[in-house]
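Worth saying up front: this structure is predicted, and the values here are computed from it rather than measured. Every chain is numbered from 1, with letters handed out A, B, ... down the list of sequences. Values below: every heavy atom of this structure, side chains too, minus hydrogens, waters and symmetry copies.
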Amino acid sequence: MYPRNFKLIWPSSLEEALEAVEAGAVPLAGGQSLIPMMKLRLIAPESVVYLGAIRDLDYIKELNDKFAIGALTTHSRIASELREGSPLISKAASEIGDVQVRNMGTIGGSVAHADPAADYPAALIALGAVIRAVSKNGIREIPAERFFTGPYQTALDHGELVMEVVVPKTACSVGYAKFTRIATDFAIAAVAVRLSAHDGVVEDISIGISGVFAHPIRARWIEDALIGKKLADEVLSRAINAEVVHEVISDPRASKEFRLKAFRAMARRAILEAYENSKV
Amino acid sequence: MRIQVVVNGVRHDIEVKPNLLLVHLLRDYLGLRSVRIGCDTSNCGACTVLLDGRPVKSCTLFAFMAHGRSVTTLEGLNDDAAEAIRRSFVEETAAQCGYCTSGMIISIYHLLKSKRKPTEEDVRHTLVGNLCRCTGYVSIIRAALKAARYVSA
């Protein structure tokens, strides 16, 4: 399958890339979502600007209690280099697609593409990560919780690119659970948890969810039900089984009812994983 | 645009259209027919090649993305590890129709280069992105583990 031909813009700097994006060119990073979409002719852009030409957006920088991850850093690199420093983002990166996809796909591309069932959003929301967007007007910080606004929709404005993603080094305990039909598929439900506990009592918890709703969200209703409590089975069950006000999606991979069950099972698994880790 | 790319150790300077995919550059321009087009949707891994030493799906890269980089296909593998995989594939009957085999070998080759004594779990994890519709994987996994033993022997 050939994509329709297009005008290729090969930028020599971020400024040149931003100008092209401002003028309407579609940004191409690792291409693992964009190229399949172009091959299927779901989109046929007039012009494409190749961000891979800008090598200085591929980095992981340590800043005090955080890591700044450049937009063009591959999932493979994040999975292997942040395993100790920020295990939740590393785990999410290692769950994406397969080896070949992780070697090309980038965090900036994945986040900007904003598939509602992608692995990163759940983890970024749970971590309280910040997406730093750049445009000709400067740099803007967007909390992950407000970044994903709809299916394949983000808080990015026209002319803005993801420049880097800032994640905290996790002193807290984390958990991640994902349910898929087959190994390489997107999640039917994925839940990421960051938790701190003292003597078994949950002091702080944040939960990110992908795949279940029209866009990734933070599960505040579960968090609120768990803070200040020991996670006895009935406490956890009540929190997880509470009514969900958001509309659960239904698609050929899973009905609404099945997806809700999968979500509850994954939530239990991820919360208990983080809770167990907090005791070590 | 004009790209410079090293394929199997040979430097090429080629004019490509933006929408040319790497798999077509390798097969149709350079005649490297070990690189297969299977699903053509980034699932099956029959088109797997090494880009700067790492496995990627050449159906899901534009040719221009290989500019300034090196590509290795099955034709370019000729060291002891490649020979060990070839031998173990024959001994374990790890190919039936053979369509997935080049991609399988590229992925296994990269595993053996990055991990001296891979476990069965490592092999399974490595081959998530390579589909085989004939042998059902067991013989392929067996061959990969045997090849690892040949290399470390």
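- Residues A:Met104 and B:Met65 form a side-chain contact, since some pair of their non-hydrogen atoms from C-beta on lies under 4.5 Å apart.
- Surrounding CZ of A:Arg269 are at most 12 heavy atoms belonging to other residues, nucleotides or ligands under 6.0 Å away.
- Using a 4.5 Å cut-off between heavy atoms, B:Leu127 makes no contact with chain A at all.
- Contact of A:Phe6 with chain B is made through backbone and side chain together, with heavy-atom distances under 4.5 Å.
- Heavy-atom minimum distance, A:Asn103 versus B:Val56: CB-CG1, 4.1 Å.
- Shortest non-hydrogen contact noted between B:Leu20 and A:Tyr2 is CD1-OH, 3.7 Å.
- Taking all atoms of both residues into account, the shortest heavy-atom contact from A:Asp98 to B:Gly129 is OD2-CA, 3.3 Å.
- With a 4.5 angstrom heavy-atom cutoff, B:Arg124 does not touch chain A via any of its atoms.
- The shortest heavy-atom contact between B:Asp40 and A:Met1 is OD2-N, 2.5 Å.
- A:Gln32 has its side chain within reach of B:Thr60: a pair of non-hydrogen atoms, C-beta onward, lies under 4.5 Å apart.
- Contact annotation: the side chain of A:Ser76 approaches that of B:Arg54 to within less than 4.5 Å [non-hydrogen atoms, C-beta and beyond].
- Contacts of B:His125 with chain A are made by both backbone and side-chain atoms, with heavy-atom separations under 4.5 Å.
- Counting non-hydrogen atoms of other residues, nucleotides and ligands closer than 6.0 Å to CG of B:Asp79 gives a total above 12.
- Here the side chains of B:Phe64 and A:Trp10 are in contact, with some heavy-atom distance below 4.5 Å.
- Residue B:Lys146 places its NZ atom among more than 12 non-hydrogen atoms of other residues, nucleotides or ligands, all under 6.0 Å distant.
- For the pair A:Lys39/B:Leu21, a side-chain contact is recorded, criterion being any heavy-atom separation below 4.5 Å from C-beta on.
- Between chain A and the residues B:Leu61, B:Thr41, B:Thr126, the largest count of heavy-atom pairs under 4.5 Å involves B:Leu61.
- At most 12 non-hydrogen atoms from other residues, nucleotides or ligands lie less than 6.0 angstrom from CZ of A:Arg83.
- Contacts of A:Val101 with chain B are made by side-chain atoms alone, with heavy-atom separations under 4.5 Å and no backbone atom involved.
- Only the backbone of A:Arg4 comes within contact range of chain B, judged by heavy atoms closer than 4.5 Å.
- For B:Glu83, the CD atom counts as densely surrounded, since its 6.0 Å shell holds more than 12 non-hydrogen atoms of other residues, nucleotides or ligands.
- Each of B:Asn130, B:Val128, B:Ile106, B:Val49 was scored for a side chain to side chain contact (heavy atoms under 4.5 Å, CB included) with A:Gln100, with one residue passing: B:Asn130.
- Looking at heavy atoms from C-beta onward, A:Leu28 lies in side-chain contact with B:Phe62 at the 4.5 angstrom threshold.
- More than 12 heavy-atom neighbours from other residues, nucleotides or ligands sit within 6.0 angstrom of CD on B:Glu15.
- Annotation: B:Arg11, atom CZ; neighbour count of heavy atoms from other residues, nucleotides and ligands within 6.0 Å does not exceed 12.
- Of the listed residues (A:Val99, A:Leu8, A:Asn5), the greatest number of heavy-atom pairs within a distance under 4.5 Å of chain B belongs to A:Asn5.
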